[in-house]
Amino acid sequence: MWTYDKKLEYPINIKSTNPKLAKVIISQYGGPDGELAASLRYLSQRFGMPDQKSKAILNDIGTEELAHLEMVGSIVHQLTRNASIEELERAGLAPYYTDHGVDVYPVSAAGVPFNANCVACKGDPIANLQEDLAAEQKARATYEKLIDLCGDDGDVVDVLRYLREREIVHFQRFGEALRNVQDKLAEKKFYMNNNNNLFNNNCSN
Amino acid sequence: MNNQENSEMTKTEMLQKIREYDFAIIELAQYLDTHPEDQKALCLHKEYAKKLKDLKDKYQKIYGPLTICYPCNKWRWLEQPWPWERSDF
């Protein structure tokens, strides 16, 4: 289960009001490669993993992604909380404001509400871990694009750089988990087939 | 870090130090998930876990709870600011 620690994983103090930036940064909240997608993907995949290392890493990275979800939400909140109606309108946020006010609603930069279609849980350790590797790269790439769009806002860039670095480390961990699964399969001279029970019985660690 | 230093830290500084220890633990925990045999990492983790616990105890005594599990005589849990609002005090 989860306990809430009353602090952010990394400090966020944004002094500027910038709804235009918030409109794109929100993609890492509710977009296809964002933190909600990441946490849901990993926390859902962990149920079907056969080995300890994969279960543990999916559990722990999934948990950290929830902390990142909170951070991205905090960035969006701090960038918009003092915005006037005119500033919101100029930033193209009138439609968002109509339906959500200044709440942080899970949506992409293009305004597409969060959809679990972007989360793949294939019930197969190799497919899942490959998906997770790709997901971390997509998240890293998205943070890089957001950093490009930040311009001079040092407060925001600093936090995005931190989040980007974490994606790179997660990628490393998933690579290790994948190699571990592949080694286990080679070890047991197991031939992949549709029989899930056969796989589960042969792979205990 | 000794106790003398701890008592001279501001609230912001203390919480930042807690974040740093917590981060080190998260990073080490994920590393240990895929390298459970790494004794060096395990030792480091133990070291940071102790430092975090001690500092959290000190922080919460003065500034109030960081989790809902902390025993209080007054429900300071709902005090402002909440983390998404600001990280300096």
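In the text below, chain A, chain B and the rest are named by the order of the sequence lines, each starting its count at 1.
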Take atom [atom1] in [X]; do more than 12 heavy atoms of anything else shown fall under 6.0 Å from it?
{"X": "B:K11", "atom1": "NZ", "value": "yes"}
{"X": "A:F114", "atom1": "CZ", "value": "yes"}
{"X": "B:I68", "atom1": "CD1", "value": "no"}
{"X": "A:D152", "atom1": "CG", "value": "no"}
{"X": "A:Y97", "atom1": "OH", "value": "no"}

Heavy-atom pairs under 4.5 Å with chain B, option from A:I75, A:I61, A:T3, A:N59 with the top count: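 Of the options given, most contacts go to A:I61.
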Can you tell if the side chain of [X] reaches within under 4.5 Å of the side chain of [Y], non-hydrogen atoms only?
{"X": "B:E27", "Y": "A:R166", "value": "yes"}
{"X": "B:W84", "Y": "A:R81", "value": "no"}
{"X": "B:T34", "Y": "A:N180", "value": "no"}
{"X": "A:R173", "Y": "B:H35", "value": "yes"}
{"X": "A:Y4", "Y": "B:P83", "value": "yes"}
{"X": "B:Q30", "Y": "A:Q172", "value": "no"}
{"X": "B:D88", "Y": "A:P11", "value": "no"}

Heavy-atom contact with chain B under 4.5 Å, split by part of [X]:
{"X": "A:R179", "value": "neither"}
{"X": "A:E9", "value": "both"}
{"X": "A:F174", "value": "neither"}

Least distance between heavy atoms, B:S87 atom then A:I12 atom: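 Closest approach of B:S87 to A:I12, heavy atoms only: OG-N, 3.0 Å.
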Portion of B:E20 that has a non-hydrogen atom of chain A nearer than 4.5 angstrom: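 For B:E20, no heavy atom lies under 4.5 Å from chain A.
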What distance do [X] atom [atom1] and [Y] atom [atom2] have between them, rounded to the nearest 0.5 Å?
{"X": "A:T63", "Y": "B:I26", "atom1": "OG1", "atom2": "CD1", "result": "9.0 Å"}
{"X": "B:T12", "Y": "A:N13", "atom1": "OG1", "atom2": "CG", "result": "8.5 Å"}
{"X": "B:D33", "Y": "A:D60", "atom1": "CG", "atom2": "CG", "result": "4.0 Å"}

Check against side-chain contact (heavy atoms from CB on, under 4.5 Å), A:K7 and B:I18: CA-CA 9 Å; A:K7 68 182 201 306; B:I18 288 174; 4.0 Å; yes
Residue, of B:E85, B:R86, B:R19, that accumulates the most heavy atom pairs under 4.5 Å with chain A: B:R19
Candidate pair A:K6 and B:W77, rule side-chain contact (heavy atoms from CB on, under 4.5 Å), full reasoning: CA-CA 9 Å; A:K6 202 173 175 184; B:W77 173 250; 3.9 Å; yes
